[in-house]
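Working notes, beginning with the structure itself.
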Amino acid sequence: MTDTNFLTLTDQDWRERLDDMSYHVLREAGTERPGTGRLLNEERSGSYSCKACGAELFEAGTKFEAHCGWPSFYESKEGSVRYIEDRSLGMVRTEVRCANCDSHLGHIFPDAPQTPTGNRYCMNSVSLTFTPEDGSGRVDG
Ligand SMILES: [Zn+2]
């Protein structure tokens, strides 16, 4: 983690840091098409970080197959995300953002009774970077 204060970056800064799709999802709260994310079927041990700022968000052990087309987790690292009521698209949903840089990650739904928390963090793969425990190199979602 660097000393960059990500909350002060301008829109132009973000455009230079991120590819177009990542920018659209992370900074414009877009959504990738389901079933397309590179990290959707990632099953190795390791950790998932915010692609925008590098903050650790999820342990691979909390990832589960939710059959929704997006990488899903049942628990975030403590203090790593914040929650915002989202009333777009005629629904009331809870948006999940990175607590460190305020970038959009996805939404959380209380519809996963098969998990220890009952929650499904429905994340955009393109918002995440995976760091495998086996040291074989990071994978951008
Ligand atoms: Zn972040």
Side-chain angles (χ1 to χ4, degrees), residues 1-112 114-141:
M1 192 87 58
T2 67
D3 292 333
T4 306
N5 182 350
F6 289 94
L7 299 178
T8 65
L9 293 185
T10 65
D11 197 54
Q12 186 59 36
D13 293 332
W14 283 115
R15 283 186 185 277
E16 288 168 8
R17 284 172 165 262
L18 300 169
D19 63 80
D20 289 350
M21 185 63 193
S22 301
Y23 177 86
H24 174 60
V25 173
L26 286 157
R27 304 308 304 177
E28 299 181 320
T31 300
E32 71 193 11
R33 285 194 301 124
T36 63
R38 268 196 292 267
L39 298 175
L40 183 57
N41 297 313
E42 178 60 64
E43 291 178 344
R44 288 176 289 170
S45 297
S47 65
Y48 291 83
S49 307
C50 172
K51 191 197 276 181
C53 76
E56 286 199 15
L57 303 172
F58 301 99
E59 284 294 344
T62 67
K63 191 171 187 281
F64 69 103
E65 180 49 75
H67 304 287
C68 62
W70 292 280
S72 300
F73 304 84
Y74 62 76
E75 190 169 57
S76 61
K77 296 204 171 202
E78 193 172 350
S80 67
V81 302
R82 66 191 197 93
Y83 306 96
I84 297 171
E85 187 179 88
D86 175 4
R87 291 182 170 271
S88 66
L89 304 178
M91 297 178 272
V92 180
R93 295 177 296 168
T94 303
E95 180 188 355
V96 179
R97 291 194 195 178
C98 173
N100 188 50
C101 74
D102 204 37
S103 291
H104 174 79
L105 302 170
H107 290 84
I108 183 171
F109 302 96
D111 63 1
Q114 73 274 35
T115 73
T117 63
N119 288 321
R120 171 171 62 100
Y121 287 80
C122 183
M123 300 288 102
N124 289 282
S125 174
V126 77
S127 295
L128 303 172
T129 297
F130 175 64
T131 305
E133 229 170 49
D134 61 18
S136 58
R138 296 190 313 178
V139 182
D140 277 334

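Source: prediction; values computed, not measured. When a ligand or atom number is given, it counts from 1 through the structure's own listing order.
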* Under 3.5 Å, is there a donor-acceptor pair between the side chain of Lys63 and the main chain of Ser45? -> no
* For Arg138, look at atom CZ and say whether over 12 heavy atoms of other residues, nucleotides or ligands are found less than 6.0 Å away. => no
* If waters are left out, how many protein N/O/S atoms lie within less than 2.8 Å of the Zn ion (ligand 1)? -> 4
* **Residues in side chain to side chain contact (heavy atoms under 4.5 Å, CB included) contact with Arg93, at least two apart in sequence or another chain** => Asp86, Ser88, Leu89, Met91, His107, Phe109
* Asked: Do the charged groups of Arg44 and Glu133 touch, with an N to O distance under 4.0 Å?
  -> no
* Anything under 30° is parallel, anything over 60° is perpendicular, the rest tilted; go ahead and classify Phe73 against Tyr48. => perpendicular
* Asked: Does atom CD of Glu43 have more than 12 heavy-atom neighbours from other groups under 6.0 Å away?
  -> no
